[in-house]
K.L.:
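One structure, pasted below without further comment.
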Amino acid sequence: MENPYQPIKAVVEDIILETSTIKTFVLRPEKELSFQTGQFIELSYPGWGEGPFTPSSDPWVKEKIEVTIMNVGRLTSKLHLLNVGEVVGIRGPYGKGYPLDRFVGKDILIVGGGVGLAPLRSLLFSLFSEMDKYNKVVLRYGARSPKDIVYKDSLPRWGKKEKVDVVVTVDVGEGNWKGNVGLVTTILKDLPLEINNAVAVVCGPPIMMKFSTLKLLDLGFKHKDIYLSMEKNMSCGLGKCGHCRLGKYYVCRDGPVFNYENIKDIHDIWD
Amino acid sequence: MPPLYYLSQEKWRSFLSLLEKDYQIYLPQITGEKGIPCEFGKGLPKADFKLAKYVSSKISELTFNPYRTIEPLKTFYTFPKEKLTSVDREERVAIIGIKNCDLFSLKIQDYVFLKGVVSDPFYKKRRENTLIISGDCSAFKEVCFCLGMEINPFPEEGFDLNLSFLDDGFLIESGSQKGEEIIEKGRDIFPLASAEKISLREKKREEIVRKLSEHINLHNLPPLKTLQKIVKEGFDSPIWQEEALRCVECGGCNFSCDTCHCFLLSEDRFGSAHEQVRLWDACLYANFAKVAGGANPLRYRYQRLRNRYLKKFDFFPENVGLVACCGCGRCIEVCPAKIDIRNVLRKLSIECGIERV
Ligand SMILES: Cc1cc2nc3c(=O)[nH]c(=O)nc-3n(C[C@H](O)[C@H](O)[C@H](O)COP(=O)(O)OP(=O)(O)OC[C@H]3O[C@@H](n4cnc5c(N)ncnc54)[C@H](O)[C@@H]3O)c2cc1C
Ligand code: SF4
Ligand code: SF4
Ligand code: FES
């Protein structure tokens, strides 16, 4: 019998300290696990529960999977105490990924906030590996402070790539920070892209997604060209437990990435 | 129409013996009288029935429930708490006395657990191992409003066998291959039914529909086709807050409801090992939708009460084309706060300006 609730084992191969509250875990699942960028997994540790996380690694790499996790509560604080060699459980992947076919030939604006850059990193890897298909990638990332920036080494490298433009901002500047200061919406101006031929992908805390979306609409983005990662309480990941309902959708089944056109009329989507 | 057979009261035990060979039988038993005091409920029966394991040596009197049992049918397919390990040892079960409201709910549960991304192996196995022997309703409780959901008080599909109570026995018909086989095996117990008995069943069916419609009319239930509109347009209505003020968050409405299906995956310690368990969950519980960092889109009780109605009358019609309410009235009977789904829908419809047709 195929038991969809039974996780497979995965060994922690490496742990990368991103910030004081965020770590990236490199996991090697006992079976190869292929996912599409934007899909999520249910990650568990016996006795500490299970939670949804989006792989932040390159989907082309099949034998390892990376997840970038912020320490916010019960399960995540336990995960942050793990050592290399320990074993976690994985179910999935679940949900629908980013619709890459709809990005072909377009300018792609990617807006990230905080740990919301995790799924976007996986998206960036996918785009970078077939860059000839896309016009341009414009990344705008906001973190709370310089200390809270994830993938610190990668960001400048990505910015040097051909057809890729990266700008980072922090809410509060600290120490010798010489970069932008202000919410991510403040760097959503003078964008080096053709809005009529662009799509925008947003992932971050709800409040950041809300104001970024409003800003994008202001700039002239059409509803149907904006993609949002919706976060809801999840349990099963399989469209059965009922926890993640958003209007007529289940986020785990029909998302987590949604076209804004499809969800804009649903009440309280930012709550 | 498939052939109808006749099962006389004297042959009832032979029928059970026939079933007993292959199945653990569950039969309705009377458990007490609660009943809902209601101005429209005068003279309606109050007895409660529950399904109990049938042990042929122990049961002296046989009862046939005139209306649904107190427990929802879903208790045979998912459990309040269960280990999600192996399903190999599931017994074969025959349930007698299921009514049409519960057969309707099974369509909702089937959609959730059998369709979609994957089908649930635990549910599937139990579903396959269950023989459903339904029955026509010969009476109704105050809280019954199946007809309001356009569900008849007698089964027409979704059963393996159906029994229609006539004064001295039953008409029996099969509705599946499994049912067919039992009829075949028991041909000596069930002769073909006479035309007279068949027309008696029609009369009884017409009679209960008439009485039940009269009763439901007293409650002024808005028509089925308006319910989705009512709950959507009533999103910002003060009615949710008025009603939810009394809610004590017991979750009884969810647990007793035959269409509510939400669950939570969790784990339990068995010795030194942790095993996955599934618990029924309730959207009326405060943490149902809470996410990390303390954000909670269903923070307030009124939002959670409203969520229950939106799920039933908007989400399910959009996804399955059916409302997720069978009119069984269990949530009305169980609610200590006396939140009555009929009142909520009626109030919303009045506010919406929808006239009853
Ligand atoms: C599709 C999706 C992708 C995500 N990707 C990432 C990611 O890549 N990196 C990251 O750091 N975070 C991600 N999150 C958020 C992450 O799932 C939560 O931070 C995590 O579940 C919190 O668990 P906790 O036990 O540490 O928190 P606590 O606040 O202690 O949680 C307590 C309980 O609340 C419930 N709960 C809280 N938040 C959630 C939630 N979001 N979904 C379901 N149940 C919840 C659980 O039942 C949990 O046991 C994602 C969330 C979703 C929905
Ligand atoms: S909502 Fe109430 S009346 Fe409707 S199916 Fe559930 S318990 Fe029965
Ligand atoms: S049964 Fe009544 S009191 Fe209990 S949770 Fe439901 S609405 Fe609230
Ligand atoms: S997480 Fe269970 S239905 Fe979406």
Side-chain angles (χ1 to χ4, degrees), chain A residues 1-7 42 44-53 69-77 89 91-92 94-96 114-115 205-207 230-254 265-271, chain B residues 78 84-88 111-125 232 235-236 254 260-269 272-279 281-283 287-299 303 306-307 310-311 314-319:
Chain A
M1 176 200 70
E2 196 63 52
N3 181 351
Y5 306 109
Q6 191 63 47
E42 284 284 339
S44 54
Y45 190 81
W48 295 84
E50 194 177 46
F53 299 92
I69 296 176
M70 179 145 98
N71 180 352
V72 291
R74 191 179 144 80
L75 170 66
T76 50
S77 62
R91 290 193 295 123
Y94 298 131
K96 299 201 166 72
V115 76
I207 186 89
M230 302 308 290
E231 182 175 348
K232 282 272 169 189
N233 178 306
M234 289 185 184
S235 182
C236 69
L238 296 162
K240 303 207 181 292
C241 76
H243 278 92
C244 65
R245 188 179 74 82
L246 178 72
K248 65 176 177 181
Y249 303 111
Y250 278 144
V251 173
C252 72
R253 177 191 72 181
D254 307 307
D265 298 325
I266 299 174
H267 287 281
D268 303 338
I269 60 167
W270 309 113
D271 285 357
Chain B
T78 62
L84 290 178
T85 43
S86 141
V87 286
D88 305 336
Y111 167 79
V112 172
F113 289 103
L114 296 179
K115 311 258 167 67
V117 185
V118 288
S119 70
D120 179 289
F122 304 91
Y123 182 95
K124 189 157 174 272
K125 187 75 177 263
K232 283 177 90 171
F235 190 87
D236 291 316
N254 295 122
C260 278
H261 64 84
C262 290
F263 63 81
L264 182 71
L265 295 177
S266 185
E267 50 190 352
D268 244 3
R269 201 143 97 194
S272 62
H274 290 271
E275 280 183 30
Q276 221 168 8
V277 295
R278 168 163 63 195
L279 305 156
D281 205 352
C283 63
N287 288 347
F288 183 80
K290 197 183 127 213
V291 294
N296 187 348
L298 300 178
R299 180 176 306 275
Q303 295 174 318
R306 181 175 65 195
N307 176 69
L310 286 168
K311 177 79 183 270
D314 182 32
F315 177 92
F316 273 105
E318 286 292 333
N319 279 272

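Every value quoted in this text rests on a predicted model; they were computed, and no experiment measured them. Order of the sequence lines fixes the chain letters, A, B, ..., with proteins taken first and strands second; residue numbering starts at 1 for each chain.
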K.L.:
Checking the side chain of A:N233 only, and the main-chain atoms of B:V291 only, is there a donor and an acceptor separated by less than 3.5 Å?
P.N.:
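Not at all, since once roles are kept as given, no pair shorter than 3.5 Å links the two residues.
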K.L.:
Measure the spacing between NE2 of A:H267 and CD of B:Q303 and express it to the nearest 0.5 Å.
P.N.:
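Reported value, rounded in 0.5 Å steps: 12.0 Å.
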K.L.:
Quick check on B:N319 against chain A: is it the side chain, the backbone, both or neither that has a heavy atom closer than 4.5 Å?
P.N.:
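The side chain, not the backbone.
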K.L.:
Could you check if a side-chain atom of B:V117 sits within less than 4.5 angstrom of a side-chain atom of A:R253, using non-hydrogen atoms only?
P.N.:
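B:V117 vs A:R253: side chains touch.
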K.L.:
What distance do A:C241 atom SG and B:D281 atom CG have between them, rounded to the nearest 0.5 Å?
P.N.:
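Going from SG on A:C241 over to CG on B:D281, the span is 8.0 Å.
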K.L.:
Does A:S235 reach the main-chain N or O of B:L264 with its side chain, forming a donor-acceptor pair under 3.5 Å?
P.N.:
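Looks like no, no N/O pair under 3.5 Å.
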K.L.:
Under 4.5 Å heavy-atom distance to chain A, tell me which part of B:N296 shows up: side chain, backbone, both or neither.
P.N.:
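Neither; nothing under 4.5 Å.
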K.L.:
Please name the pair of heavy atoms, one in A:R245 and one in B:L310, separated by the smallest distance, quoted to 0.1 Å.
P.N.:
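For A:R245 and B:L310, the tightest heavy-atom pair comes out as NH2-CB, 3.6 Å.
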K.L.:
Chain A: which of B:H274, B:E275, B:R269 shares the most heavy-atom pairs with it under 4.5 Å?
P.N.:
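Answer, by heavy-atom pair count under 4.5 Å with chain A: B:H274.
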K.L.:
Between the side chain of A:H243 and the main-chain N/O of B:F263, is any donor-acceptor distance below 3.5 Å?
P.N.:
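Judged by distance alone, yes, a pair lies under 3.5 Å.
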K.L.:
What part of B:D268 gets within 4.5 angstrom of chain A, counting heavy atoms only: side chain, backbone, both, or neither?
P.N.:
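Nothing of B:D268, per the 4.5 Å heavy-atom cut-off to chain A.
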K.L.:
What part of A:Y249 is in contact with chain B, defined as an atom under 4.5 angstrom from a non-hydrogen atom: side chain, backbone, both or neither?
P.N.:
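Contact with chain B: backbone only.
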K.L.:
Flag the one option from B:C260, B:S119, B:A289 with the top tally of heavy-atom pairs under 4.5 Å to chain A.
P.N.:
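Winner by heavy-atom pair count: B:A289.
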K.L.:
Relative to chain A, which segment of B:K311 carries a heavy atom at a distance below 4.5 Å: side chain, backbone, both, or neither?
P.N.:
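Both parts, backbone and side chain.
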K.L.:
Return the minimal non-hydrogen interatomic distance between A:E231 and B:A292, and the atom names on each side.
P.N.:
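In terms of heavy atoms, the two residues are closest at OE2-N, 4.4 Å.
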K.L.:
Indicate yes or no for a side-chain donor-acceptor contact from A:E50 to the backbone of B:S266 under 3.5 Å, with no hydrogens or angles considered.
P.N.:
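Checked: no pair found.
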K.L.:
Can you establish whether the number of heavy atoms outside A:K232 located under 6.0 Å from its atom NZ is more than 12?
P.N.:
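Above 12, so yes.
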K.L.:
When only pairs under 4.5 Å are counted, which of A:G51, A:S44, A:G47 shares the most heavy-atom pairs with chain B?
P.N.:
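Answer, by heavy-atom pair count under 4.5 Å with chain B: A:G47.
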K.L.:
Is there a donor-acceptor pair closer than 3.5 Å between any side-chain N or O of B:E318 and the backbone N or O of A:K248?
P.N.:
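No, the answer is negative, given that no donor and acceptor are paired below the 3.5 Å cut-off.
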K.L.:
Please report the closest heavy-atom contact between B:V118 and A:L238, naming both atoms and the distance.
P.N.:
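Shortest heavy-atom separation between B:V118 and A:L238 comes out as CG2-CD2, 3.9 Å.
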K.L.:
Do the two ring centres, one from B:F315 and one from A:Y250, sit under 6.0 Å apart?
P.N.:
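Under 6.0 Å, so yes.
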K.L.:
Hey, does the side chain of B:H261 reach the backbone of A:K240 with a donor-acceptor pair shorter than 3.5 angstrom?
P.N.:
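Yes: the side chain of B:H261 pairs with the backbone of A:K240.
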K.L.:
Answer yes or no: is there a donor N or O on one side and an acceptor on the other, between the side chain of B:Q276 and the main chain of A:Y5, under 3.5 Å?
P.N.:
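Side chain of B:Q276 to backbone of A:Y5: a pair is present.
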K.L.:
So which atom in B:P121 and which in A:E2 form the shortest heavy-atom distance, rounded to 0.1 Å?
P.N.:
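Scanning both residues completely, I find the closest heavy atoms to be CG-O, 3.5 Å.
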K.L.:
Please look at B:R299 and chain A and tell me whether the side chain, the backbone, both or neither of the residue comes under 4.5 angstrom of a heavy atom of that chain.
P.N.:
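For B:R299, neither part sits under 4.5 Å from chain A.
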K.L.:
So what's closer than 4.5 Å to chain A heavy atoms on B:F235: side chain, backbone, both or neither?
P.N.:
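Just the side chain, heavy atoms under 4.5 Å.
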